[in-house]
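In this text the structure is predicted, and so the values were computed from the model without any measurement.
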Amino acid sequence: MSPRRLDVAVIGGGIGGLCLAQGLKRAGVRVTVYERDRTADSRLQGFRLNIEPTGSIALHACLPPVLWELLVATAGDPGPGIGFLDERLRPLILIGQDGPDRDPLDPTVSEHAVSRVTLRKLLLAGLDDVVRFGKEFTGFARAGDGTVTAKFADGTTATADVLVAADGANSRVWAQLHPAAGHTALPAAAVAGKLFLTEENRRWLPERVLAGKNVIWPHRDFLFTAIFRRREDPAAIIARLGDRIRVLGLDPEHLLADSRDDDYVLWAFITHRDSLPASFTSKAQDDPALVRELLAERTAGWHPDLRRIVTTSTPDTLYQTGFSAAEPLDQWETGNVTGLGDAVHHMPPVGGLGGNTALRDAHRLCAALTAADHGEESLPQALRAYEADMLRYGFETVREVVRNTEGAITRSALKRSTARWFFRTCGAVPLLGRAVFGER
């Protein structure tokens with residue numbers, strides 16, 4: 001007797017939920033995504049996302065091969081390694097600058113600076129029969145037959161064998177499943193922006209900034225810079241991959257329409273929330289002049305090119321946010337409702353680890369559900385193993401990101417000086433640098 005096939009309902013069409021849906025569809029598992037946005041174009045904004053090998057492995061496994069190739073082609077090369085610099089652009093330590101060139105199509109070693117807009121379009125590609133827009137989740141109810149029914153604000157319902165919370169940090173699914181789960185607010189605030197790579201800006205931008213990712217570690221505050229510079233022109237991509245994309249019933253011109261955005265330097269300035277003027281948090285989002293005034297004051301004494309990056313960026317790209325992190329959870333009794341990404345282990349956006357962890361979750365959950373669907377494991381057994389693993393690495397990552405955030409915003413002169421001395425010493429003593437940071 002063949003095993004009963006699964007029906008999976010995913011609440012939320014972010015990168016984790018859509019990656020899971022792509023993987024399940026590719027494996028032949030029935031899946032439907034319920035997204036509260038009314039259209040596929042509702043989220044056409046955002047900064048680059050650095051996809052590390054963990055995220056690359058997940059996307060490579062879940063996407064059809066041509067969509068993986070398209071993602072690599074439309075992404076940018078984030079540059080080798082990362083530089084730790086002081087506020088005068090003097091290197092403290094440069095990590096991962098040497099070594100052989102990496103094949104961008106090899107997910108085990110490749111990194112990609114991905115446009116969130118393009119990534120969302122690629123993850124939606126081919127899912128017209130899977131994603132239901134305009135579906136605001138309001139609650140779920142379990143039945144005695146092992147199914148679970150999702151309820152939506154428009155009065156409709158959907159019944160499935162498994163319900164997946166992929167609806168972000170304020171997940172309604174997770175709040176019902178684990179009402180005691182909480183978030184901790186961190187005393188950090190950030191302003192991010194884009195400086196577009198015009199010909200004029202390319203002439204004065206420091207070589208180190210154009211080379212890749214950088215952490216600026218001053219005596220107070222923190223700055224991160226990264227480059228988004230696409231590997232290929234959209235016209236060249238269409239010429240090379242267009243026929244293979246059309247075989248899937250997709251329009252390459254539509255998929256690549258938003259990848260024509262200008263290349264840019266992304267920067268993120270992070271500080272301790274209590275060091276900001278009382279009026280800043282409430283007004284910053286709507287007052288670019290106030291943001292620039294604050295940044296000019298906070299970066300006094302920095303290298304003039306760093307100050308120019310943060311004070312002359314395009315005003316409508318400025319974005320201000322606070323920071324919070326999910327509190328750890330013990331493993332629960334496995335049922336037919338589970339979760340992934342920020343719905344479970346929300347973390348600050350430092351280092352881009354949240355997005356990569358969500359993709360890792362999607363890959364692992366896809367494998368678990370596929371095994372259950374194909375009769376290789378029972379559903380409870382497959383989900384229990386996924387949840388135990390996901391909680392372990394997910395909250396390990398949360399703790400890592402929280403530590404990094406606390407280090408970035410500390411107002412202790414001793415701690416900041418010690419960190420600078422440590423980075424500089426690792427840079428000056430190669431054996432120590434390799435022992436601490438790996439290959440340099």
Side-chain angles (χ1 to χ4, degrees), residues 6-25 29-46 49 116-117 119-143 146-183 185 258 285 319 321-322 324 326 329 332 335-347 349 354-355 357-359 361-362 365-366 369 383 390:
L6 291 180
D7 198 339
V8 180
V10 179
I11 306 299
I15 63 173
L18 292 177
C19 182
L20 173 62
Q22 286 279 4
L24 291 176
K25 181 177 180 179
V29 181
R30 291 194 300 268
V31 59
T32 306
V33 177
Y34 298 92
E35 167 57 50
R36 70 178 179 181
D37 286 350
R38 303 210 62 83
T39 68
D41 297 332
S42 297
R43 300 190 198 182
L44 296 186
Q45 70 277 331
L49 175 66
R116 288 179 185 267
V117 175
L119 177 60
R120 179 168 166 81
K121 294 187 75 170
L122 293 180
L123 288 172
L124 282 167
L127 297 184
D128 291 349
D129 59 338
V130 169
V131 181
R132 306 285 185 268
F133 290 101
K135 292 294 183 181
E136 181 183 353
F137 174 85
T138 58
F140 67 81
R142 287 167 161 151
T147 61
V148 56
T149 297
K151 304 174 184 179
F152 303 99
D154 61 5
T156 60
T157 61
T159 298
D161 299 296
V162 180
L163 184 68
V164 179
D167 49 341
N170 297 309
S171 169
R172 293 182 179 179
V173 181
W174 211 245
Q176 180 178 343
L177 185 65
H178 297 286
H183 293 174
D258 297 295
Q285 200 71 17
Y319 176 76
T321 186
S324 64
L329 285 171
W332 52 89
N336 54 4
V337 181
T338 191
L340 60 78
D342 282 351
V344 183
H345 42 62
H346 171 61
M347 64 192 74
T357 308
L359 292 171
D361 293 348
L365 183 53
C366 178
L369 292 173
L383 287 181
M390 179 266 295

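- Two residues are said to be in side-chain contact when any heavy atoms from C-beta on lie closer than 4.5 Å; Trp174 and Val344 meet this criterion.
- Remark: Leu24 CG to Leu365 CG distance equals 7.0 Å, nearest 0.5 Å.
- Side-chain contact between Leu127 and Lys25 is present, with heavy atoms from C-beta onward closer than 4.5 Å.
- Under 3.5 Å, the side chains of Thr147 and Thr159 contain no donor-acceptor pair of N or O atoms.
- Residues Val8 and Val10 meet the side-chain proximity criterion, which asks for heavy atoms closer than 4.5 Å.
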Identify every side-chain donor-acceptor pair in residues 132-141 under 3.5 Å, counting partners at least two apart or on other chains, and give the distances.
unit_1: Arg132; atom_1: NH1; unit_2: Asp129; atom_2: O; d: 3.2
unit_1: Lys135; atom_1: NZ; unit_2: Asp154; atom_2: OD2; d: 2.8
unit_1: Lys135; atom_1: NZ; unit_2: Thr156; atom_2: OG1; d: 2.8
unit_1: Glu136; atom_1: OE2; unit_2: Arg172; atom_2: NH1; d: 2.9
unit_1: Glu136; atom_1: OE2; unit_2: Arg172; atom_2: NH2; d: 3.0
unit_1: Thr138; atom_1: OG1; unit_2: Lys151; atom_2: O; d: 3.1

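- Counting heavy atoms from C-beta outward, Ile15 and Leu119 have side chains that approach closer than 4.5 Å.
- Minimum interatomic distance between Ser324 and His346 (heavy atoms only, all atoms of both residues): OG-NE2, 2.9 Å.
- Using modelled atom types, one finds no donor on one side chain facing an acceptor on the other under 3.5 Å when comparing His345 with Thr357.
- When the side-chain hydrogen bond (donor to acceptor under 3.5 Å, both in side chains) test is applied to Asp167, the partners found at least two apart in sequence or on another chain are Ser171.
- Checked by atom type and distance alone, the side chain of Gln22 pairs as donor or acceptor with a backbone atom of Ala125 at under 3.5 Å.
- What you find for Asp342 and Met347 is that their closest heavy atoms are OD1-N, 4.2 Å.
- Listed by chain and residue number, Tyr34, Ala160, Leu163 satisfy the side chain to side chain contact (heavy atoms under 4.5 Å, CB included) test with Ala9 (two or more places apart in sequence, or in another chain).
- Of all non-hydrogen atoms in Gly13 and Leu18, the two that sit nearest each other are O-CD1, 3.3 Å.
- Val31 and Ala21 make their closest contact through CG1-O, 3.9 Å (heavy atoms, listed as atom of the first residue, atom of the second, distance).
- Contact record, Glu35 with Gly12: OE1-C, 3.7 Å, taken as the closest heavy-atom pair.
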Determine whether Leu340 and Met390 satisfy the following criterion, side-chain contact (heavy atoms from CB on, under 4.5 Å), listing intermediate values before the conclusion. CA-CA 8 Å; Leu340 60 78; Met390 179 266 295; over 6 Å; no

Between Leu369 and Val162, is a side-chain contact (heavy atoms from CB on, under 4.5 Å) present by the stated rule, with each step listed? CA-CA 9 Å; Leu369 292 173; Val162 180; 4.1 Å; yes

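- Contact annotation: the side chain of Val131 approaches that of Leu124 to within less than 4.5 Å [non-hydrogen atoms, C-beta and beyond].
- Side chain of Asp7 to backbone of Asp161: no donor-acceptor contact under 3.5 angstrom is found.
- Looking at heavy atoms from C-beta onward, Asn336 lies out of side-chain contact with Leu383 at the 4.5 angstrom threshold.
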